[in-house]
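What follows is a short report on a single structure.
Just so you know, these numbers come straight off a predicted model, no measurement behind them. Quick note on labels: first sequence line is chain A, next is B, and so on, each numbered from 1. Hydrogens, waters and symmetry mates are skipped; everything else that's a heavy atom, side chains included, is used.
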2 protein chains.
Amino acid sequence: MSRREQVLPDSPLQAEACPIVQVIDRVAGKWSVSILIAATKAPVRYTELERNITGISRRMLTLTLRNLERDGLLTRTVYPTVPPKVEYSATDSARELYDHLVGLVEWAERHQTDIIQCRNEYDREHQAAAAA
Amino acid sequence: MSRREQVLPDSPLQAEACPIVQVIDRVAGKWSVSILIAATKAPVRYTELERNITGISRRMLTLTLRNLERDGLLTRTVYPTVPPKVEYSATDSARELYDHLVGLVEWAERHQTDIIQCRNEYDREHQAAAAA
DNA sequence: CCGTATCCTCGAAGATACTG
DNA sequence: CAGTATCTTCGAGGATACGG
């Protein structure tokens, strides 16, 4: 799931980046956040997630769920019914994380249009520079 | 820089994930956070970053700097001296983002050991399951 | 319903060499 | 000092088919 699994040698900046790296990696996966959000609101079933998260494949859904479970962010409960029913719910740890993710989301919402504008401006300027 | 540049069709979950995706992507780059942190503390020069961020290549340093600048998170100031001097400093937008990143970092620090323990436990259990 | 297994694509990131 | 230009590698994620 991660591009940064290698142990980084500690260094002035990397040493303090180390815990950061862990969070970023946990959150950087293409689907982790969507799943985390869904599961934090209420326990969700596998198929529910598959339906609600547009574009996710079964493979990635399972993979991401496993990783989140492995890190203690989700708990997986199997109901031995027929047909089988599996529910994923956020742990306390994940709920705490969720609060901080919300902070990021709100930041994104506030700066959304600025960022787009900055990009356009930047691209226009550097388009012009290339032409000159 | 992004694996998710494709425009996602809106959907119940994706619609609200859209701003999230933007933040995550901006932060998900392997080096963005390290650079953002360094530049938020004080304006930094190119070579300073290269020295302080262990393992980063010139290529990725430049690329990440350009992307952050493009999104209006960093400003690039060239001093027309000899030898040339270029300083990168965080914008207000980036400083706001930084505050939220700190939230994540603190979460990571608090749960660091739990996560490692969860992983070991998970791996042990699933090692056993595979052997059985 | 809830997955696993296999093959493949594609782009992020590394290595290396050169420049205003 | 502060970059750019190529070439390459490597693994995240997609597509598809099968299984308890």
Correct closest heavy-atom pair for A:I53 and A:S34 would be CD1-CB, 3.9 Å

Nucleotide C:dT4, atom C1' - distance to CG of A:N67 in whole Å
15 Å

B:L63 has an atom CG; how far is it from atom C1' of D:dG3, in whole Å?
12 Å

Side-chain contact check for B:T62: nearest option of D:dG14, C:dG3, D:dG3 is D:dG3

Going by the angle between their ring planes, with limits at 30° and 60°, are A:W107 and A:H111 parallel, tilted or perpendicular?
tilted

Compare side-chain N and O positions of A:R58 against OP1 and OP2 of D:dC18 and report whether any pair is under 4.0 Å apart.
no

Looking only at non-hydrogen atoms, find the nearest pair between A:L101 and A:L36 and report the distance.
CD1-CD2, 4.3 Å

d(CD, B:E50; P, D:dT4) in whole Å
13 Å

Of the candidate nucleotides D:dC1, D:dG14, C:dC1, which contains the atom at the shortest distance from the side chain of A:T47?
C:dC1

Counting only N and O atoms by type, is there a donor-acceptor contact under 3.5 Å from the side chain of A:T64 to the main-chain atoms of A:W31?
no

Below the 4.0 Å mark, does D:dT4 have OP1 or OP2 next to a side-chain nitrogen or oxygen of B:Y46?
no

Using only side-chain N and O atoms of A:R59, determine if any of them is under 4.0 Å from OP1 or OP2 of D:dC18.
no

Classify the nucleic acid contact of A:R45 as base, sugar-phosphate or nothing, counting any heavy atom under 4.0 Å across all strands shown.
sugar-phosphate

Per atom distances to the A:R66 side chain, the nearest of C:dG14, D:dC1, C:dG3 is C:dG3

Rounded to the Å, how far apart are B:K30 NZ and D:dT9 C1'?
12 Å

In this structure, how many angstroms lie between the C1' atom of C:dA12 and the CE atom of B:M60, rounded?
6 Å

Say whether B:Y46 and B:T62, considering side chains only, have a donor N or O and an acceptor N or O under 3.5 Å apart.
yes

Calculate the interatomic distance between A:H126 atom NE2 and D:dT4 atom P; express it in whole Å.
10 Å

Whole angstrom is fine here: how far is it from CG in B:L65 over to P in D:dC1?
16 Å

Atom-to-atom span, CD1 of A:I53 to C1' of C:dC2 - whole angstrom:
15 Å

Scan A:Y79 against the nucleic acid and name what it touches under 4.0 Å (heavy atoms): base, sugar-phosphate only, or nothing.
nothing

Along DNA chain C (nearest heavy atom to each residue), the more 5'-positioned of B:S57 and B:P84:
B:S57

